[in-house]
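Data block below; observations after.
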Amino acid sequence: MWTEKMALDTIYDFDYVLKRLAMDPLHVVDLDEKYIYIPVLLPSGKHVVRLTSLGTTTQPVVELASDSLEEKSKLIDHVFDLFRWQVNLSDKANHFKGTNLESLFIRRYPGTPVVKEFHPYASLMKTIIHQQLNMAFAHTLTRRFVEQYGSKVEGVWFYPTPEEVASISYEDLRQLQFSQRKAEYVINTSRLIVDGELNLEQLAQESDEQVMKTLVKIRGIGNWTAENWLLFGAGREDLLPKKDIGIQNALKHYFGMDRKPTLQEIDDMSKEWMPFRSYATLILWRTMEERQMG
DNA sequence: AACCAGGGAAGAT
DNA sequence: ATCTTCCATGGT
């Protein structure tokens with residue numbers, strides 16, 4: 001067992017990050033002790049890292065711990081990237097000064113980071129499964145999917161591999177209460193990866209525009225899913241999923257509209273957030289999360 | 001009971 | 001290109 005303590009060179013609201021991660025029942029999170037266990041898939045196999053928050057939003061300190069001695073530096077790099085600690089969020093906040101989101105991002109929700117899903121493929125599967133479902137049922141579906149076809153290591157769930165998903169039948173997923181369409185999307189997309197027609201690691205190196213073009217061609221992946229993969233699978237900073245019902249409702253409420261904004265109106269009001277629209281997306285979702293949780 | 005949900009495909013215009 | 005319609009199923 002090794003541990004590594006680090007002071008972060010940014011503001012960072014770790015309490016909020018944990019609360020958000022705790023919404024997914026597959027995550028092993030303790031909000032009181034402020035830690036989360038993270039599944040990490042390396043060429044050498046499956047590893048688990050415990051991440052604990054020891055600091056505050058303005059002076060964040062984290063501690064990483066794992067039993068995987070031989071991969072220590074790789075695991076640290078990996079988690080550092082997942083939580084995007086290389087990003088200075090004060091710089092991002094400065095970009096929103098003078099915009100219509102200034103008070104939300106700077107005073108109400110400072111230190112709201114982009115946090116990546118734990119694996120690019122898992123992120124894509126989760127995003128497809130979450131299409132057009134309320135969050136409660138969406139999480140139930142992904143939990144069933146992973147508990148049925150994934151694997152548990154040191155108490156932490158890993159999503160199944162593309163090979164494993166490619167080999168299951170539509171009927172198998174129907175039994176978990178997937179719709180026929182959703183079962184096709186999940187399995188067929190996994191088959192594309194197995195067949196080498198879709199390479200997410202390679203895709204993660206390409207521009208947002210190229211990624212969108214590639215992903216949207218795939219049956220079952222529309223704009224919303226592609227944008228969400230860029231945001232949570234690749235950690236990109238300029239995504240605003242306009243078709244997202246949560247974003248539309250958040251904009252409606254925050255700007256006091258009597259209806260949801262049109263896609264054109266969203267384009268207009270979000271121009272000044274570029275090229276960091278992902279942070280706007282996150283704080284807008286955050287307003288709705290607090291509305292729901294009270 | 002009706003409407004909604006952190007959409008997408010297919011068809012029509 | 002942009003707009004309907006249908007799909008599907010649990011939550012509220």
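A note on names: the letters A, B, ... follow the listed sequences, proteins ahead of strands, and every chain is numbered from 1.
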Rounded to the nearest angstrom, tell me the gap between atom [atom1] in [X] and atom [atom2] in [N].
{"X": "A:Arg181", "N": "C:dT5", "atom1": "CZ", "atom2": "P", "answer": "16 Å"}
{"X": "A:Tyr185", "N": "C:dA8", "atom1": "OH", "atom2": "C1'", "answer": "11 Å"}
{"X": "A:Arg174", "N": "C:dA8", "atom1": "CZ", "atom2": "P", "answer": "7 Å"}
{"X": "A:Leu133", "N": "C:dC7", "atom1": "CG", "atom2": "P", "answer": "17 Å"}
{"X": "A:His139", "N": "C:dT9", "atom1": "NE2", "atom2": "C1'", "answer": "17 Å"}
{"X": "A:Asp267", "N": "C:dT2", "atom1": "CG", "atom2": "P", "answer": "10 Å"}
{"X": "A:Ile266", "N": "C:dT2", "atom1": "CD1", "atom2": "C1'", "answer": "16 Å"}

Item checked: Side-chain donor or acceptor of A:Arg84 paired with backbone N/O of A:Val115 under 3.5 Å ->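 Not a single qualifying donor-acceptor pair exists.
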
Notebook entry, point to check: Would you call A:Lys19 and A:Glu289 a salt bridge, using N to O less than 4.0 angstrom?
Noted result: no

Notebook entry, point to check: Once you round to the nearest 0.5 Å, how far does NZ of A:Lys260 lie from CG of A:Leu251?
Noted result: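 Here the rounded value is 11.5 Å.
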
Next item on the list: Would you classify A:Ile218 as touching base, sugar-phosphate or nothing, given that sugar-phosphate means primed atoms plus P, OP1 and OP2, and contacts are heavy atoms under 4.0 Å?
Entry: sugar-phosphate

Checklist line | DNA chain B: 5'-proximal contact among A:Ile221 and A:Asn228 (nearest heavy atom) | finding: A:Asn228

Margin query: I want to check a possible cation-pi pair here: A:Lys46 against A:Phe158, using under 6.0 Å from ring centre and within 45° of the ring axis as the test.
Written below: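 Output yes; distance and angle both within limits.
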
Item checked: Start and end of chain A contact along DNA chain B [non-hydrogen atoms, under 4.0 Å] ->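 Contacts span B:dA5 to B:dA10, reading 5' to 3'.
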
